[in-house]
Every structure is written in C-alpha cells, then in structure tokens.
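All chains are named by letter (A, B, ...) in the order of the sequence lines, taking the proteins before the strands, and each is independently numbered beginning at 1.
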Protein chains: 2
Amino acid sequence: MARSNHSRFVILGFLADQPRSGYDIRKVVEASLGNFWNESFGQIYPALKDLEAEGLVRKAEGPQAGRAQRQAYVITGPGREALEKWVRTPAGPHAYRVETLVKVFFAPLVGPREARAHVARFRAEHGALLEKYRTIGAHLDQDCTGQPGLPYWKLTVACGLAVGNAYLEWCDEAEAVLARLEAGGTHA
Amino acid sequence: MARSNHSRFVILGFLADQPRSGYDIRKVVEASLGNFWNESFGQIYPALKDLEAEGLVRKAEGPQAGRAQRQAYVITGPGREALEKWVRTPAGPHAYRVETLVKVFFAPLVGPREARAHVARFRAEHGALLEKYRTIGAHLDQDCTGQPGLPYWKLTVACGLAVGNAYLEWCDEAEAVLARLEAGGTHA
DNA sequence: CCACTCATGTAAAAAGTTACATGATTCG
DNA sequence: CGAATCATGTAACTTTTTACATGAGTGG
C-alpha cells in the first residue's frame, strides 16, 4: 500500500496560500494546525527539495523579503493539483496513542495515588491546551475577518475545544474514582 | 534525550498479568488498549528478544499450553521493577495527529461539499468506535468482576467514550456550519 | 562585540508499518 | 485433503525526532 506522505501536502497547503520559506512553514504549522499536527525541520527541508525536483514547487526568484539567507518557495500548477487531490482523498483511520491512558491501565501495579498523579498532569496539560485554543480562536476572529477559510479554520479550533473539554471532564471522573479507591482500598 | 521505548513496557505490562506469547500479546493489546494504543508483530517479536537478553523476561519452560510452536514468556523480578518504574514515570506530552482536521483546514481549496464528506466519514468512524467501547465496557463488567484492575480499566474505556462523544458532537456542529456554507456560499 | 534570533540544512537514530516467508494445527 | 487459523519471525521501508553544524543579521 503506497504511503501517503502527509508532510508533503501540509507543506503544499501552506504554500498554496502564499510563498514561504521552510522556516515560515514550520512557524505557521505550529501556529495554525498547532496541536493536531506538527512538522519538524528534519521533514520540511528535505521535503521541499523533493517537491522542487518533482516540479510541485519552485524557488521564489529575486531578492527575498526579510533576511538574506531566506529562500521562499512558490507552489506550481501541478503542485496545486496534487494538493487538491490529496485534500479530497479520504483520511486514513484515526490512530492515536495516549500514553497517559496506558499508564492508568497499568496503574493497578502501583496504586491509585500514582494514577491520580497521571490524571493531574493530564488535566494541567489539557487545561493549558484549551487556553491556547481559545487564544487561537480569538486571533482568528480578529485577523482573518472576511477570509473564505475562516469558518473552516474555526471548525478545527472548535474540535480542539470539544475534545479538550471532554478530556477535562474525564479527569474529574477519574479523579473521583481514584480518590475513592485510595481512601477505601487496600493496595500493594 | 534517551527515548522511552514504550512498546517494551506495554509488553512487560501484559506479561506481568500472566505468561503470554507474542501472538497473545498482540491480541490482548488490541482487545484492551484497543484504540489508544497498538503494537504490531514487527515490534513485539524483536522486543521480546531484547527483553530476554536484558533479563526482564524469560521463556516459559515445559510444554506450552495450546499449539506446538507457541513460545510464552514470563516476566522476571527485574522486569517487574522496570515496568513499575515506567508506570510511575510522567507521560510525555500528548501528541496526536488528526488527518481529518488537516483536510478540513485546507478544505477552502475544494469547497464545503468535500469537507462534509470528510466529516461524514469521521462521524462513521467514531460512531463505530463508540460501539466498540461500549462492548468492551460490557465485557469488562462481565468477565472481570472483582479484579483489582477493573476500576482502572473502566476509566480508560470511559475516556474513549467521553472523547468519542465529543467528536460526534463536533461532527454535528461541523455539519451544520458546512451545510450553511454550501447552501449560501459562492465557492471556487 | 556579544547574545539572540533568523535561517538552512544534514546525519543518525529511533519508532513504526508492511509485506513476506515459513510451518503447524484444527476443522470441515 | 484443503482452507483457515495459529504462530513466529525477518527485511525493507517509511516516518519522525533529535542533535548537530553553520552562518547571517539585529539589538543592546
């Protein structure tokens, strides 16, 4: 089964919006796809080279805006076609690994106290994430008014909020269950 | 930063419960950690060899229950120690990649109709997942009554349910937004 | 001038998936 | 006996992370 190589298309996606350098792409991925996707330089720079070799992007000519070493890339016609094709393609199954849940699963080995610590950290993490999503949402409303992408982008933020809230509610439930176990139970 | 090599510990975790073969481990991971973790044979068999070389597990002796070729492994004292240490160690940041959200993010390129298709598939996927979690929850209640791990295991299922429901609710919201866009909007 | 950020890139390692090869056992 | 399942394992490949090396420009 041919692999889908998502990184390439994420890069193309941001070049479709405007010319950007590898460094720019990294930043914009972090700021917008944020916590449901990320790309490291180790992926971006080689991918840009490959994309150029295949004619899906080309180097922006002339003096670059900003710093001297900066090299922006521009998407090409075939690049746009490849991108749109990928966007239309059904997503693969949603695989996710949640280390915290695995540790809660095995927590009978170490007792409810340790499990509660995991839950507490998980709560802090997702609390912070929710804050971040709220900030992103506010920025979107301010900076992107009128842009056709806005409703789509807000939906992705809404998903982060919905799931983040679900995690926090689960933390409440877990905390209650584990506190009762710790109070009442005899454990190793 | 030394990597944590989670697979090893998941394997140890299931050997702590009872002796199992690589094949067994694969099955039990799928059945219990299910959709928030998975291990493939390509990870399990090499990992078992390594664990044995390090003295964290050993081969079960004598004729194996079940088939002839079956080779079960048993966790050792040091293995148990290493496992408990890992279970106590704080989980790393919760990284997750949601391909569907990336495609929704870039969907302005292809219009609301395509975005709705992504949402519909996402809904079907998570609907099925919720069913699975309910089944697992029911099995837990039936088969694991009285086992000390039960409340912990139920918590992991509860988390799957909470998040799955959040995804479904988001699908409703997304569907509504996109339907409005498709009806009213002029798009490329 | 020094520290910091901007910027590009490579090399190596780690992690994970997939496909394949092999053979035993069970069930119809 | 043939098909399906049980069972183990390897090799190749893809993907991703991490660490490192390098150097230019900016601000104090």
Does a side-chain N or O of A:N38 approach OP1 or OP2 of D:dT17 to a distance below 4.0 Å, or not?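 So the side-chain polar atoms of A:N38 do come within 4.0 Å of the phosphate oxygens OP1 or OP2 of D:dT17, strictly under.
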Is A:K49 near enough to C:dT8 that one of its side-chain N or O atoms lies under 4.0 angstrom from OP1 or OP2?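 A:K49 to C:dT8 OP1/OP2: no side-chain N or O under 4.0 Å.
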Holding to ring-ring contact (aromatic ring centres under 6.0 Å, His included), I want the full list of residues that pass it with A:Y45, two or more places apart in sequence or in another chain.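 Residues passing ring-ring contact (aromatic ring centres under 6.0 Å, His included) with A:Y45: A:F41.
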Residues in ring-ring contact (aromatic ring centres under 6.0 Å, His included) contact with A:F9, at least two apart in sequence or another chain: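 Residues passing ring-ring contact (aromatic ring centres under 6.0 Å, His included) with A:F9: A:W86.
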If you only use heavy atoms from C-beta on, which nucleotide in [options] is closest to the side chain of [X]?
X: A:Q43; options: D:dT16, C:dT8, C:dT18; value: D:dT16
X: A:R97; options: D:dG9, C:dG16, C:dG9; value: C:dG16
X: B:S21; options: C:dT17, C:dG16, D:dA7; value: D:dA7
X: B:S7; options: C:dG16, C:dT8, D:dT18; value: C:dG16
X: B:Y23; options: D:dA7, C:dA15, C:dT8; value: D:dA7
X: B:S40; options: D:dT10, C:dT18, D:dT17; value: C:dT18
X: A:K27; options: D:dC6, C:dA7, C:dT17; value: C:dA7
X: B:Y45; options: D:dT16, D:dA7, C:dT8; value: D:dA7

With sugar-phosphate meaning primed atoms plus P, OP1 and OP2, does B:G22 contact a base, only sugar-phosphate, or nothing at under 4.0 Å between heavy atoms?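 Answer is sugar-phosphate: B:G22 comes under 4.0 Å of backbone atoms only.
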Nearest whole Å is fine: how far is [N] [atom2] from [X] [atom1]?
X: B:N5; N: C:dA14; atom1: CG; atom2: P; answer: 9 Å
X: A:I11; N: D:dT15; atom1: CD1; atom2: P; answer: 12 Å
X: B:D24; N: D:dA7; atom1: CG; atom2: P; answer: 6 Å
X: B:E39; N: C:dA15; atom1: CD; atom2: C1'; answer: 10 Å
X: A:I44; N: D:dT15; atom1: CD1; atom2: P; answer: 16 Å
X: A:I25; N: C:dA7; atom1: CD1; atom2: P; answer: 12 Å
X: A:R8; N: D:dT14; atom1: CZ; atom2: P; answer: 12 Å
X: B:H6; N: D:dT17; atom1: NE2; atom2: P; answer: 12 Å

Judged by each residue's nearest nucleotide on DNA chain D, which is more toward the 5′ side, A:W37 or B:G42?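 Of the two residues, B:G42 wins.
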Would you check if the distance from the ring center of A:F106 to the ring center of B:Y152 is below 6.0 Å?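 Ring-ring flag for A:F106/B:Y152: false, centres at least 6.0 Å apart.
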Would you please indicate if the ring centroids of A:F122 and A:H126 are separated by under 6.0 Å?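 Yes, the ring of A:F122 comes within the 6.0 Å limit of the ring of A:H126, centre to centre.
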Can a salt bridge be assigned to the pair A:R116 and A:E175 using a cut-off of 4.0 Å between side-chain N and carboxylate O?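 Yes, this pair counts.
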